[in-house]
Amino acid sequence: MFSLSSLFLFGTLLVLARLLAWIVNLLVISPLRDPLRCLAGPEAPLLGSHLTHAGDPDLSYVAHEEWRKLYGKTFRIQGLGKFDYRLMSFDFRAISHILTSPVYEKPWQTRTLLSTVMGRGIFAMEGAEHHLQKRIISPAFTSQAVNALTPFFFQTAEELREKWDMQLNTDLPVGSPIDIAHWISRATFDAFGLACLNYNFNALEGETEDVYLAFRRLFDLVDKKSVLRILFPSIDKLWPDAVARSVQESLSIINRVGQDLVTSKKIAIFSEKCDFANSHEKDLLTLLIKSNLSSDPSKRLSDSDLLDQITSFLFAGSDSTALALTWCLYFLAQHPKVQTQLREDLLQSPPSAGTIEAFTNDTPACDAFGSSLPLLDAVVKESLRLCPPVHGTIRVATEDDFIPVSSPVMLHDGTMAEPAQGVHIRKGSFVNIPIEGLNYSREIWGDNALEFQPERWFNLPANARSSAFPGLANVMTFSFGPHACPGYKFTLTEMKTFIATLLPHFEFAAVEGRTIGKYNGLLTRPFVKGHLHEGFQLPLLVKRV
Ligand code: HEM
């Protein structure tokens, strides 16, 4: 007979043996069978990682360049250690395959993190559910729908202009910088509220607005989430820390307001007052409800799914455009000649003369200013190319796959494999998609790819005009394929409207002695180097013209 203690000892040994076998398999056996092991790539210690160099925008452009020189366009890097080889590629053929093939999905860790803050919105979806949601939201992103939102963008841009005017008149000591990031973030939040929800968050008016602050907190918290809690989300359920509790508090504020909005919008739509079929309300929420109602009843979204969509859009659409605009003003401050030329253009042919009426609904939103103000178009595109607010994305292979490539691939022993041999990847391997790195491709943009040169858009190199490269106008900022960003027209229109409103009134200049760095959390944010502890900011000297 076995005693209780020997049974316990046996059980413990069994568990330890299982654990040891799992570790040996993870660290030794499984990597031996990983086809990515055969590729060349930077070396690191057993538990070393290249993720910082790959993902920190202040380091990545140097690291990417060095890796490309040493290993070619397609290579492997280490994720969390030697057992976690990941593919990184600057080969557009490979990227195109990965972003369009159903074999690749967002990893569950990313989706869980996103659904913690955005619910079951489109970001967290794959496969049939994703397809359905995409179909429901697409009417809200047509040129016509976005064009109808332009007046809201102008309205908020004007409010921001007044706010800065007031600051320069009274609030600020002469010569003090204004934190552009702070104000643009509030303004685009308000613009999003008006354009998408027909609701004024009033974030520009003060910092007391609950929903804006809840959102701000949510973003900050997600940036602070520990890797362990991202990898094992159930820890948050079992043992919520301060971050997890704050996320819940913020979410309940956002959901309460969102629920009220959905309910009142539905009441308005169904009330006799609102002629639903001919409703002129063009905000995203109305369009979503409308599009949801007209779809097959069995495929309609529930109220809570609808609410999650709104949260997703608010998440995806307000801070990303805020950062895109912030970076654009940063580049203009760094390039005073371009700024002056653009201001002259805007003063000569003002797209709106400061009012909203000049915009008619029959002008395609993206081209509205493109044809009459080519420099504005070029500045916006160049700044989106050079500082994409989403620095990179990630996919996981859900099956073993063969990835086609256009250039030879260097193997671990230094020999080169012909493109026809492609790259083999096994189920479960991650692929890092360096959005910013792809935007810096010398193959497309030439040797000055890392410079802010808006005039390049007037005489694009042949490769930048070729349809052989994926992306919007060969820029990967909004990604590519079935998960590409539907909000690009919205973004371009909003950015152009804000710049067209602000630039004729203000001159922007860099603050001497304050170097701006890029911090990549979920999005790429500006901070003053050496002052990260003060939070994200972009101080610029703002002068009335
Ligand atoms: C500068 C502004 C923006 C940038 C840089 C940006 C970038 C991106 C990128 C890179 C993706 C793909 C992510 C991935 O596949 O991993 C994406 C997806 C998405 N974006 Fe944007 N976005 C911007 C603005 C907007 C706006 C204004 C909206 C909505 C109003 C929006 C809504 C979405 C949605 C719903 C998705 C998910 C699409 C899907 O999974 O099918 N984005 N965005």
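What's counted below: heavy atoms across the whole structure, side chains too, no hydrogens, waters or symmetry copies. Fair warning: this is a prediction, and the values are worked out from it, not measured in the lab. Each ligand, and each atom within it, is numbered from 1 in the order the structure gives.
Scanning the protein for heavy atoms near atom 12 (C) of ligand 1, the closest one is H483 O, 3.5 Å. With respect to atom 23 (C) of ligand 1, the closest heavy atom belonging to the protein is S320 OG, 3.5 Å. Closest to atom 4 (C) of ligand 1, if we only count protein heavy atoms, is F478 CE2, 3.6 Å. Protein heavy atom nearest atom 10 (C) of ligand 1, with residue, atom name and distance: T477 O, 3.4 Å. In terms of protein heavy-atom proximity, atom 42 (N) of ligand 1 is nearest to C485 SG, 3.0 Å. The shortest contact between atom 1 (C) of ligand 1 and any protein heavy atom is with T491 CG2, 3.4 Å. The shortest contact between atom 30 (C) of ligand 1 and any protein heavy atom is with F141 CE2, 3.7 Å.
Aromatic ring orientation, F141 versus F313: tilted (interplanar angle from 30° to 60°). Relative orientation of the F189 and Y212 rings is perpendicular, given thresholds of 30° and 60° on the angle between their planes.
For ligand 1, the atoms sitting less than 4.0 Å from at least one non-hydrogen atom of T393 are 14 (C), 16 (O), numbered in the order shown with element in parentheses. Heavy-atom contacts of K134 reach the following atoms of ligand 1: 38 (C), 39 (C), 41 (O) (cutoff under 4.0 Å). Under a 4.0 Å criterion applied to the non-hydrogen atoms of I122, ligand 1 contributes the atoms 35 (C), 41 (O). Listed by number with element, the atoms of ligand 1 under 4.0 angstrom from any heavy atom of F490 are 27 (C). Close contacts of ligand 1 with K106, meaning ligand atoms under 4.0 Å from a residue heavy atom, involve 14 (C), 15 (O), 16 (O), 40 (O). Close contacts between ligand 1 and F123 involve ligand atoms 18 (C), 19 (C), 20 (N), 33 (C), 34 (C), 36 (C), 37 (C) [criterion: under 4.0 Å to a heavy atom]. Set against the non-hydrogen atoms of H130, the atoms of ligand 1 under 4.0 Å away are 39 (C), 40 (O), 41 (O). Every atom of ligand 1 is numbered from 1 in the order shown, and the set under 4.0 Å from a heavy atom of I435 is 10 (C).
Contact between Y488 and ligand 1 is absent, with no heavy atom of the residue lying under 4.0 Å from the ligand. Taking a 4.0 Å cut-off on heavy atoms, A484 registers as neighbouring ligand 1. Taking a 4.0 Å cut-off on heavy atoms, P482 registers as neighbouring ligand 1.
Between Y519 and F536, the gap from one ring centroid to the other is short of 6.0 Å. Centroid-to-centroid, the aromatic rings of F490 and F153 come within less than 6.0 Å. For H483 and H130, the gap between ring centers is short of 6.0 Å. Annotation: W164 is in aromatic contact with F506 [ring centroid separation under 6.0 Å].
Using a 4.0 Å cut-off between a side-chain N of Lys or Arg and a carboxylate O of Asp or Glu, E126 and K106 do not qualify as a salt bridge. Under a 4.0 Å N-O distance rule, the pair E443/K73 qualifies as a salt bridge. Comment: E436 engages K518 in a salt bridge, judged by a side-chain N to carboxylate O separation of less than 4.0 angstrom. Look at R343 and D345 and you find no salt bridge, because none of the NZ, NE, NH1 or NH2 atoms lies under 4.0 Å from a carboxylate O. Between R385 and E382 there is a salt bridge, since at least one side-chain N of the basic residue sits less than 4.0 Å from a carboxylate O of the acidic one.
Residue-to-ligand polar distances keep T321 apart from ligand 1: every N/O pair is separated by 3.5 Å or more. The distance criterion of under 3.5 Å between nitrogen or oxygen atoms is not met by S479 with respect to ligand 1. In terms of N/O distances under 3.5 Å, ligand 1 is approached by R395.
For the side-chain hydrogen bond (donor to acceptor under 3.5 Å, both in side chains) with D401, the lone residue among H97, K427, R426 that qualifies is H97.
Considering each of P486, A324, G487, P389, the one bringing a non-hydrogen atom nearest atom 33 (C) of ligand 1 is P486. Across F313, W327, F192, heavy-atom proximity to atom 35 (C) of ligand 1 is greatest for F313.
The backbone N or O of T142 lies less than 3.5 Å from no partner atom in the side chain of K489, so there is not a single donor-acceptor pair.
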